[in-house]
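Counting from 1, the numbers follow the sequence of the chain as shown. Counting starts at 1 for both ligands and their atoms, in listed order.
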Amino acid sequence: MGIFDKYQSLKTTRDELDALGIDPFSVKIDRIISPTEGIIHGRPTILAGTNNYLGLTFNPECIAAARTALENEGTGTTGSRMANGSYSGHRLLEQEIAAFYGKRDAIVFSTGYQANLGILAALAGPGDVVLLDADCHASLYDGCRLGGAEVIRFRHNNPEDLAKRMRRLGERAANTLILVEGIYSMLGDRAPLKEIIEVKREFGGYLLVDEAHSLGVLGETGQGLAEELGLLDEVDFVVGTFSKSLGGAGGFCVSDHPELDLIRYSSRPYIFTASPAPATIASTRQALRLLAAGKHLRKRLMANAEQLHAGLTSLGYTLGAPPSPVVAVVLDGKIEALQFWSNLLQHGVYVNLMLPPATPNGVSLIRCSVSAAHTPEQIDAVCAAFAELRELA
Ligand code: PMP
């Protein structure tokens, strides 16, 4: 047995894709023009699969902040938060994101993925129990694995199943960590947070909500689903990323638990990796100010999401959830989805192709993500491409 033998089935799949002339997982954007346009395969393309929910990647104030930091503080920190990689900007961003959520403290990590690894590995070790929604993101699963806790999956968005599993744990239930997401990344559906919190009230435990796809999207001030439902006080840990609505890179966790600060001293994904570059921190801080300052971007985003959702529904497509910035079209099978995705690209529309085993219930998805920066005409153009391909679905 060689170490590469396990790659044989992957190679076979890739060879099959090559034979079809489709390679959905290594698309190169030859030139990025704006948050919603790029050149792909030499063709002007509408970008409708980017997670750039507020369209802030080209915001002049964010770019100016990044440029100033780049010139004043250099290209990188060359070290971890624990050693030489904490600059005043990193700490200020922590204070600002904690204040934004009205929580006591925050930790900033190098990516959203690492925020989940770092928090979970530090919170849930051998002997602890984590209850996680089956559709949770890979970073939440991987964080559990790194920590070594016992992991119990409950059925997606099913508080009764969560309650059943907590009941079985008896006294241990009071010390469990429950993991859910605000908006789920694949289908764009939301967690039934109120009902999950009722289960937590009954059995005890701690609740962590990953608001990666709901920060800047939901809630009066854009904090996410917990804010929208008025439940933020009941959430022990909010984690999120700077790489979607804030248009940068990095991740965070906010909490009222005073022990959060101690996690810095035991979290390997915090300690053993370089901190985000000063320019990234500066643009993120500016983006957070813009997000907090006004609702207009969220309103535009939701108007666009509703326009796309209504357009695709009227064409007869099956969609994964009610309108949200993630609009997922469910297709019949892998090959159909591959072909459909490729045809959309030829029609000048880039979206994400999501295939099993990465998808819930083995479905094949064309996942669109909407931006506040899309114009109504661009959304119409996306719908027109879907209309032309209707007979393929
Ligand atoms: N959590 C969720 C729910 C996500 O969807 C993602 C990214 N897709 C992450 C965490 C990781 O974020 P990042 O890409 O910033 O590492």
Side-chain angles (χ1 to χ4, degrees), residues 25 47-54 56-57 81 90 93 97 106-121 123 130 132-146 153 156-157 177-191 193 196 207-218 223-226 235 237-254 267-270 273-277 280-281 283-284 287-288 291 320-321 324-328 351-355 358-360 365 367-371:
F25 304 115
L47 304 177
T50 62
N51 306 311
N52 198 347
Y53 297 129
L54 300 183
L56 290 178
T57 48
R81 294 294 313 278
H90 296 85
L93 177 54
I97 191 100
I107 304 184
V108 162
F109 294 84
S110 300
T111 66
Y113 179 82
Q114 279 169 311
N116 279 333
L117 288 194
I119 290 297
L120 290 173
L123 282 179
V130 177
L132 99 171
D133 183 289
D135 282 8
C136 274
H137 188 256
S139 54
L140 292 162
Y141 278 90
D142 292 356
C144 294
R145 210 182 291 170
L146 191 61
R153 292 194 327 162
H156 175 55
N157 276 354
L177 182 62
I178 304 166
L179 310 184
V180 299
E181 294 177 21
I183 291 180
Y184 283 88
S185 55
M186 291 284 156
L187 294 175
D189 51 341
R190 302 169 183 206
L193 207 52
I196 300 244
L207 176 62
L208 179 149
V209 182
D210 182 340
E211 301 267 22
H213 293 270
S214 29
L215 166 65
V217 172
L218 299 179
Q223 291 167 3
L225 180 66
V235 177
F237 305 95
V238 175
V239 287
T241 175
F242 303 137
S243 70
K244 302 187 194 299
S245 57
L246 295 173
F252 68 90
C253 175
V254 296
S267 173
R268 298 171 71 87
Y270 176 83
T273 195
S275 61
T280 302
I281 293 292
S283 75
T284 301
L288 185 60
L291 185 160
S324 93
V326 176
V327 179
V351 296
N352 307 124
L353 175 69
M354 300 290 183
L355 298 178
T359 50
L365 297 173
R367 175 188 181 276
C368 310
S369 70
V370 180
S371 172

What is the closest protein heavy atom to atom 7 (C) of ligand 1, and at what distance does it sit? K244 NZ, 2.9 Å
With F252, which of F242, F109, F237 fulfils ring pair (Phe, Tyr, Trp, His ring centres under 6.0 Å)? F242
Drop me the distance from L120's CG to D210's CG, to the nearest 0.5 angstrom. 9.5 Å
Quick one: nearest non-hydrogen protein atom to atom 15 (O) of ligand 1, plus distance? T241 OG1, 2.5 Å
Would you kindly say whether Y53 and H213 are connected by a side-chain donor-acceptor distance under 3.5 Å? yes
How close do D135 and P360 get, heavy atom to heavy atom, and via which atoms? OD2-CB, 3.4 Å
Side chain, backbone, both or neither: which applies to H213 and ligand 1 if a contact is any heavy-atom pair less than 4.0 Å apart? side chain
Heavy atom of the protein closest to atom 11 (C) of ligand 1 (residue, atom name, distance): Y113 N, 3.4 Å
Proximity winner for atom 1 (N) of ligand 1, if only heavy atoms of T111, D135, I183, D210 are counted: D210
So if I count the atoms of ligand 1 from 1 in the order they appear, which ones are less than 4.0 Å from some heavy atom of E181? 3 (C)
For L117 and G143, which heavy atoms make the closest approach, and how far apart are they? CD2-N, 3.3 Å
CG on D189 to NE2 on H156, rounded to 0.5 Å: 3.5 Å
Of the listed options S243, G250, S139, A212, closest to atom 14 (O) of ligand 1 (non-hydrogen atoms): S243
Name the closest protein heavy atom to atom 9 (C) of ligand 1, giving the residue it belongs to and the distance to 0.1 Å. H137 CE1, 3.5 Å
